[in-house]
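The structure appears below as structure tokens.
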Amino acid sequence: QVQLVESGGGLVQAGGSLRLSCAASGRTFSSYVMGWFRQAPGKERDFVAAISRSGSSTYYADSVKSRFAISRNNAKNTVYLQMNNLKPEDTAVYYCAADSRASLPREPREDFYWGQGIQVTVSS
């Protein structure tokens, strides 16, 4: 089992940047594929980005490609989401997730381990 805690959210103006972090408990962090998802008010939780166990493979939603970058540091049990050129439509609660399967996730699943979420608000 793994516990996840997100940090780094907040309020930023359009065009600005934020870096989210997700710290994981346990000694098996490197055995999990990690992902970031987001949920805006009144909408479903959507996929944002995912990274393989080693960090060698990444995948992004089209809406964030070229603006966001996911990375991980297995020695620090942490996954990051660097968000640049933020837009008002990026406003949402952002969640990190851990998946024990080998393939990169494309959709949220109930059997992921989830963090509690963190608010990101982008003002126009």
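Residue numbers start at 1 and run along the sequence shown.
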Hydrophobic cluster identity match, [X] and [Y], side-chain contacts under 4.5 Å:
| X | Y | result |
| --- | --- | --- |
| Val120 | Ile70 | yes |
| Met34 | Trp36 | yes |
| Phe37 | Tyr94 | no |
| Val79 | Leu18 | yes |
| Tyr60 | Leu86 | yes |

Side-chain heavy-atom pair [X], [Y] within 4.5 angstrom cut-off:
| X | Y | result |
| --- | --- | --- |
| Gln119 | Thr91 | yes |
| Val2 | Thr28 | no |
| Asp90 | Arg67 | yes |
| Ser25 | Asn77 | no |

Under a 3.5 Å distance rule, please check whether [X] uses its side chain to pair with a backbone N or O of [Y] as donor and acceptor.
| X | Y | value |
| --- | --- | --- |
| Arg72 | Phe29 | yes |
| Trp114 | Arg109 | yes |
| Glu6 | Gln116 | yes |
| Asn74 | Arg53 | yes |
| Thr78 | Lys76 | yes |

| task | Look at atom CD of Gln3 and say whether more than 12 heavy atoms of other residues, nucleotides or ligands are closer to it than 6.0 Å. | result |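 At most 12 heavy atoms, drawn from other residues, nucleotides or ligands, come within 6.0 Å of this atom.
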
| Just wondering, are more than 12 heavy atoms of other shown residues or ligands nearer than 6.0 Å to NZ in Lys65? |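 More than 12 heavy atoms, drawn from other residues, nucleotides or ligands, come within 6.0 Å of this atom.
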
